[in-house]
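These notes concern the structure reproduced below.
In what follows, every heavy atom counts, from backbone to side chain, and hydrogens, waters and symmetry copies are set aside. All residue numbers refer to positions in the sequence shown, counting from 1. Start at 1 and go down the list; that is how both ligands and their atoms are numbered.
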Amino acid sequence: MVLRLAAAGHHVSGVEKSPGMLEAAAKRVAAVPEIAERVTLSEGDIYTLPFDDAAFDAVVCHGVVMYLADSVAPVAHLARLVADGGILSVLTKNRLAVGVREALSGDYASARAQIESGQAASVGNLGITTRGDTPDDLDDLARANGLTPLPWQGVRIFHDHRTDWKPTEEEYQAALETEWAASSRSPYRELGRLVHVMARREATA
Ligand SMILES: C[S@@+](CC[C@H](N)C(=O)[O-])C[C@H]1O[C@@H](n2cnc3c(N)ncnc32)[C@H](O)[C@@H]1O
């Protein structure tokens, strides 16, 4: 996201807790000199972000809160950074779809146990147990921090379990377009492996 946002012309501050991941990110940024001047990367923790309140027009946290014990404190720490008129974008595991990947890939014992228990956590694609949130819970957290939720999207609805899929470029584009069409529509979006919520801090006059 740092690379994409900087390539779109934005000034981007990236924070990462792991020195190894930070170094990997720094190498990728350095490989694109035309964007490097717009990017600042720093080591830090989501619970102690070293920025003033309302410092950013957009705060983006993708693929992180699923590794943390809960989303309450992380969303509060992220939301305080959002400027008036700015947005918060959080992508994380979708609790509504826990068990779907397991069922589609034939691991019925895990799928059934997860579906019957309605549990929040399951093993993610890195082999680590990750925790899901529902879009409603995330929208409530945004409201609790003074933000107004925008429509949420489901992500990786039809292709999450297809780990050995090798599409042609044409098939890949068609798959992306299909995922995009479904991402904002129920009942498809509820089945996304991931949920993307956005919320805005209303501009004050
Ligand atoms: C799956 S990666 C996602 C990275 C990036 N956001 C992306 O979408 O490519 C999750 C990252 O969260 C980082 N992380 C985990 N706990 C964190 C914390 N408390 N504060 C900041 N970063 C954290 C990990 O080190 C890891 O690099």
Show me the short polar-atom pairs for ligand 1: any N or O of it lying under 3.5 Å from a protein N or O, with distances only.
unit_1: ligand 1; atom_1: 6 (N); unit_2: H62; atom_2: O; d: 2.8
unit_1: ligand 1; atom_1: 8 (O); unit_2: H62; atom_2: O; d: 3.4
unit_1: ligand 1; atom_1: 19 (N); unit_2: D45; atom_2: OD1; d: 3.3
unit_1: ligand 1; atom_1: 20 (N); unit_2: I46; atom_2: N; d: 2.9
unit_1: ligand 1; atom_1: 25 (O); unit_2: E16; atom_2: OE2; d: 2.4
unit_1: ligand 1; atom_1: 27 (O); unit_2: E16; atom_2: OE1; d: 2.7
unit_1: ligand 1; atom_1: 27 (O); unit_2: E16; atom_2: OE2; d: 3.1

Inset, instruction - Decide if atom CG of D53 counts as having more than 12 heavy atoms of other residues, nucleotides or ligands within a radius under 6.0 Å. - result: yes
Legend entry - Plane angle bin for W165 and Y172 - parallel if under 30°, tilted between 30 and 60°, otherwise perpendicular: tilted
Show which side-chain atoms of residues 118-128 pair as donor or acceptor with protein atoms under 3.5 Å away, not counting sequence neighbours.
unit_1: Q119; atom_1: OE1; unit_2: S117; atom_2: OG; d: 3.0
unit_1: Q119; atom_1: NE2; unit_2: A121; atom_2: O; d: 2.6
unit_1: S122; atom_1: OG; unit_2: K93; atom_2: NZ; d: 2.6

Legend entry - Side-chain touch F158/L191, heavy atoms, less than 4.5 angstrom: no
Using distance only, find each side-chain donor-acceptor pair of residues 34-43 under 3.5 Å and give its atom names and separation, not counting sequence neighbours.
unit_1: R38; atom_1: NE; unit_2: A6; atom_2: O; d: 3.1
unit_1: R38; atom_1: NH2; unit_2: A6; atom_2: O; d: 2.8

Run the side-chain donor-acceptor check on residues 143-155: report pairs under 3.5 Å with partners two or more places apart or on a different chain.
unit_1: R143; atom_1: NH1; unit_2: D140; atom_2: OD1; d: 2.8
unit_1: N145; atom_1: ND2; unit_2: L141; atom_2: O; d: 2.8
unit_1: T148; atom_1: OG1; unit_2: E202; atom_2: OE2; d: 3.0
unit_1: Q153; atom_1: OE1; unit_2: H196; atom_2: ND1; d: 3.2
unit_1: Q153; atom_1: NE2; unit_2: S183; atom_2: OG; d: 3.1

